[in-house]
There are 2 protein chains.
Amino acid sequence: MSFQGVTVTRPRTAARMVEHPELSQVSMQQVMEALVDPVRRGVVAQLAGAGEDMSCGRFDSPVSLSTLTHHFSVLREAGVIRQYYVGTTKMNTLRAEEMQERFPGLLSAVLAACAAEPGPAAA
Amino acid sequence: MSFQGVTVTRPRTAARMVEHPELSQVSMQQVMEALVDPVRRGVVAQLAGAGEDMSCGRFDSPVSLSTLTHHFSVLREAGVIRQYYVGTTKMNTLRAEEMQERFPGLLSAVLAACAAEPGPAAA
DNA sequence: AAGCAATTTCGATGACGGTCGTAGTATGGA
DNA sequence: TCCATACTACGACCGTCATCGAAATTGCTT
């Protein structure tokens, strides 16, 4: 790795950090925009259905990997999911309890509707 | 009024009819798309807050009248509101109970979030 | 019949967002 | 040290949608 002509050694063990917003800083508009996309709802539904954290690569989705990355960051910036690295893989968790505090009933209602409307593999 | 060169008399008393979808025909995607727009959420919030039907012209909104007309039809086609004519004015009602049946908790959660986040006059 | 008030339709415009492929970065293992 | 794996950043493309103003429609009132 080089920077301005100087070889730079990168930190050996510092895990890559991911920025997450406080849910108090997240607007309803952001959350609605995050949840209006069917691919993103599919991700959220799969995450809720799995009952455990999932790595980015394990999701069933109709779009390319780079597009999926984009969707993950939208969800993260809207406070819907939390992400953390484990080695080279990035894990995802629903911030369900926090969302429930911030926007009571919203995520639950969306998830319930997703479950009731399987559609194209919920993705 | 003329049609193919023939003068047509229009019905004298038949109220103009408005088409409304069965809520069973409405997809979650449609509802989400209807509710993601802040102007439309403002309309819905005002309607819920008023406690009575409102004519189109009485809404507080930052957009032009013709744009507002567009938003009303999006809400109607998504099954969120019901519209009917009274003379030259068009009245609007929330289809709250029906929505509750079709997508339990969804509209309520959105309305609660709207109320908690006044923002720019909820519009 | 004429005019007014309420709402709609139409066409144009501009911005935004989902999508992709390619190239890049980080980590773990051979 | 080198490679494979997992994800990300960038730039481009393109369709969709909110917005507007102007003109049209409808019904009430005079």
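Labels below follow one simple rule: chain letters A, B, ... track the order of the sequence lines, proteins then strands, and each chain is numbered from 1. Values below: every heavy atom of this structure, side chains too, minus hydrogens, waters and symmetry copies.
- Spacing between atom CE of Met17(A) and atom C1' of dT8(D) amounts to 18 Å, rounded to whole angstrom units.
- Residue pairs meeting the salt bridge (charged side-chain N to carboxylate O under 4.0 Å, His left out) criterion with at least one member in residues 63-88 of chain B, sequence neighbours excluded, are Arg82(B)-Glu98(B).
- Note: CE (Met54(B)) to C1' (dT7(C)) measures 15 Å, nearest angstrom.
- Qualifying side chain to side chain contact (heavy atoms under 4.5 Å, CB included) partners for Pro21(B), counting only residues two or more places apart in sequence or in other chains: Val26(B), Arg95(B).
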Name the pairs: protein N/O against N/O of nucleotides 4-6 of chain D, kept only if under 3.5 Å.
unit_1 : atom_1 : unit_2   : atom_2 : d
dA6(D) : O4'    : Thr88(A) : OG1    : 3.4

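- Within the structure, salt bridge (charged side-chain N to carboxylate O under 4.0 Å, His left out) contacts touching residues 101-112 of chain A (residues at least two apart or in different chains) are Arg102(A)-Glu117(B).
- Look at CG on Leu75(B): it is 10 Å from P on dA18(D), rounded to the nearest Å.
- A straight line from CZ of Phe72(B) to P of dA18(D) spans 14 Å, rounded to a whole angstrom.
- The separation between Arg40(A) atom CZ and dG17(C) atom P is 9 Å, rounded to whole Å.
- Using a distance-only test at 3.5 Å, with no hydrogens or angles considered, a donor-acceptor pair links the side chain of Gln29(B) to the main chain of Val36(A).
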Just the atom pairs and distances: protein N or O near nucleotides 19-23 of chain C's N or O, under 3.5 Å.
unit_1  : atom_1 : unit_2   : atom_2 : d
dT19(C) : OP2    : His71(A) : NE2    : 2.4
dC20(C) : OP2    : Ser64(A) : N      : 2.7
dC20(C) : OP2    : Ser64(A) : OG     : 3.1
dC20(C) : OP2    : Thr67(A) : OG1    : 3.0
dG21(C) : N7     : Ser66(A) : OG     : 3.3
dG21(C) : O6     : Ser66(A) : OG     : 3.1

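- The nearest whole Å value for the distance from the CE atom in Met32(B) to the C1' atom in dC17(D) is 17 Å.
- For the side chain to side chain contact (heavy atoms under 4.5 Å, CB included) test, residues two or more places apart in sequence or in another chain that qualify with Thr89(B) are Ser55(B), Val86(B), Met91(B).
- With rounding to whole Å, Met91(B) atom CE is found 19 Å from dA5(C) atom P.
- Heavy atoms only, all atoms of each residue included: Ala45(A) and Leu111(A) are closest at CA-CD2, 3.9 Å.
- Whole-Å rounding puts the Arg76(A) CZ to dT8(D) P distance at 8 Å.
- Each ring pair (Phe, Tyr, Trp, His ring centres under 6.0 Å) pair with one or both residues in residues 24-64 of chain A, not counting sequence neighbours, appears once here: Phe59(A)-Phe72(A).
- Qualifying side chain to side chain contact (heavy atoms under 4.5 Å, CB included) partners for Ala113(A), counting only residues two or more places apart in sequence or in other chains: Met28(B), Phe103(B).
- Partners of Glu97(A) by side chain to side chain contact (heavy atoms under 4.5 Å, CB included), not counting sequence neighbours: none found.
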